[in-house]
2 protein chains.
Amino acid sequence: MKTADKEALKRKTNAKISRPEFFNIAISVDCVIFGYAKKELQVLLIKSNRKEFSELYSLPGDLVRPDEDLDTAPYRVLKEKTGMDDVFLEQVQAFGAIDRHPSGRVITIAYYSLIDILHHKLQLSDNDLHWHSVKNINQLAFDHKLILDTCIHKLKEQIMDHPLVFNLLPEKFSLRELQDVYEAIINITLDRRNFRKMISLKKWLLDLNELEINTPRRPGKLYKLKKEYSSFNGQKKK
Amino acid sequence: MKTADKEALKRKTNAKISRPEFFNIAISVDCVIFGYAKKELQVLLIKSNRKEFSELYSLPGDLVRPDEDLDTAPYRVLKEKTGMDDVFLEQVQAFGAIDRHPSGRVITIAYYSLIDILHHKLQLSDNDLHWHSVKNINQLAFDHKLILDTCIHKLKEQIMDHPLVFNLLPEKFSLRELQDVYEAIINITLDRRNFRKMISLKKWLLDLNELEINTPRRPGKLYKLKKEYSSFNGQKKK
DNA sequence: TCAAAAGTGTTGACTTTACACCCATGA
DNA sequence: TCATGGGTGTAAAGTCAACACTTTTGA
């Protein structure tokens with residue numbers, strides 16, 4: 001290509017990027033915030049405030065601000081909605097069908113997060129924010145059911161290879177609780193001995209030499225995740 | 001929340017979505033188009049036409065049009081640049097650091113694609129478009145090196161579980177060629193017998209009972225991917 | 001003392017890895 | 001006939017899945 005052609009192309013590109021119609025797409029982030037309670041995987045939903053979706057729930061999200069990195073937007077949403085930071089949060093996928101949003105063109109980038117529902121810092125900011133068992137969710141506003149299903153799928157794929165589910169539990173937990181979480185996510189009951197063998201091979205856990213207290217039956221031993229595997233302060237580890 | 005509050009929130013949201021500064025973010029797609037030649041994984045790059053990145057290469061991409069689905073944009077780019085459709089193409093990740101683009105706020109969504117460099121339909125549309133061996137790429141314009149590395153990582157993760165690499169080869173190929181492609185991607189030499197056993201366990205291939213022709217040595221048997229595993233005409237299969 | 005959950009090992013099936021020789025072809 | 005790569009099987013190690021009994025505790 002000759003230099004003159006390149007200059008023409010550059011002008012063309014710059015013209016395109018500054019033409020107003022190419023800024024007619026808004027960008028949002030939507031957060032699939034998972035928790036664990038009542039032996040079931042839960043997700044945080046908010047009552048939709050749009051008349052098109054009255055009576056439907058939707059995922060918490062917000063538009064990305066022009067002055068924030070894409071990846072910080074979901075942390076902001078999470079902090080605003082739950083008061084939590086230092087949480088596991090990972091990008092999943094962008095969703096951008098033309099008609100996914102009734103009030104205009106909005107491309108959204110989905111993130112999923114895992115938090116401990118009983119964490120002392122957790123404070124839902126909104127009366128319309130509630131935990132829902134994922135099993136009971138049939139319909140959501142926008143394309144949020146598709147987003148949720150995509151995130152559940154990714155979660156299932158990752159939990160065997162990465163130390164993620166610990167983010168759903170308090171710092172100290174028993175192997176029984178841990179197994180319950182795994183079973184809730186993959187929806188399969190596991191053999192207790194094989195599960196313990198699998199977990200112990202990962203070398204993720206520290207035996208605290210403590211026992212559960214106030215259990216109705218024989219208490220189990222307590223463990224915690226080794227510090228080097230915690231999901232925040234950096235990236236997730238293998 | 002009371003109804004009046006909800007109405008207020010709705011107005012607030014609608015106001016935000018239509019305030020011009022929230023459309024100040026442009027959306028692009030960037031395509032990491034992989035090919036295979038000279039026993040190495042190749043990627044299609046274009047000479048950057050921006051003075052900030054003179055002499056650097058970049059990934060082919062374009063702004064998403066307001067009237068196209070997000071996922072069709074990379075197909076359009078691919079068709080424009082290579083003349084190819086019916087190709088494997090999958091979304092990888094969105095990249096959205098504030099300063100990733102020198103001329104303004106652009107969030108990009110990366111896709112990766114696998115094509116047969118020797119396909120008869122392949123026709124590079126631009127004299128500045130060329131194949132580069134991924135081994136030799138140290139620096140790219142924008143954050144494209146990061147995008148490329150992310151896509152290579154995803155490719156490596158997927159090739160053992162999904163019938164993807166066949167998209168890099170002509171319809172008929174020998175097991176030797178197939179093994180070469182795998183080795184080029186994962187950068188490890190494999191044992192021939194174990195490789196063949198692994199591939200035959202997947203049941204992806206159809207034995208054509210044909211032999212290579214015009215080989216300098218003993219010709220190998222030819223295979224092709226079973227139709228039900230081809231990546232286009234629907235989603236990738238397990 | 002009873003009920004309930006905690007804790008713990010072994011076996012067989014299968015998968016993965018390492019490894020070497022003969023065969024068919026083109027030159 | 002020779003050089004080159006094509007084609008093939010087995011044994012050992014490791015991983016995965018199935019399976020039952022004893023122990024500890026609270027009630």
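In what follows, every chain begins at residue 1, and chains take the letters A, B, ... in the order their sequences are listed.
With respect to B:Glu210 and B:Lys221, no salt bridge is recorded, no charged nitrogen being found less than 4.0 Å from a carboxylate O. The pair B:Glu212-B:Arg218 does not count as a salt bridge, with every side-chain nitrogen at least 4.0 angstrom from each carboxylate oxygen. Using a 4.0 Å cut-off between a side-chain N of Lys or Arg and a carboxylate O of Asp or Glu, A:Lys154 and A:Glu90 qualify as a salt bridge.
In terms of modelled atom types and a separation under 3.5 Å, the side chain of B:His119 and the main chain of B:Lys121 share a donor-acceptor contact. The closest donor-acceptor contact from the side chain of A:Ser48 to the backbone of A:Ser54 lies at 3.5 Å or more, if one exists at all.
As a whole-Å value, the separation of B:Arg218 CZ from D:dT8 C1' is 10 Å. Rounded to an integer number of Å, the gap from B:Arg217 CZ to D:dG6 C1' is 13 Å. D:dG7 atom P lies 12 Å from atom CG of B:Leu178, rounded to whole Å. A straight line from CD of A:Glu212 to P of C:dA4 spans 18 Å, rounded to a whole angstrom. In this structure, CD of B:Glu210 is placed 20 Å from P of C:dA24, rounded to the nearest angstrom. Straight-line distance from the CG atom of B:Asn214 to the C1' atom of C:dT25: 13 Å, rounded to whole Å. Distance CG (B:Asp207) to C1' (D:dT8): 14 Å, rounded to an integer number of Å. In this structure, A:Ile213 atom CD1 and D:dG26 atom P are separated by 12 Å, rounded to whole Å.
By the 4.5 Å heavy-atom criterion applied to side chains, B:Phe34 and B:Ile115 are not counted as neighbours.
Nearer to the 5' terminus of DNA chain C, by closest-nucleotide assignment, is the contact made by A:Tyr223 (compared with the other of A:Lys197 and A:Tyr223).
Residues of residues 180-196 of chain B that place a heavy atom closer than 4.0 Å to DNA chain C, in numerical order, are B:Asp191, B:Arg193, B:Asn194.
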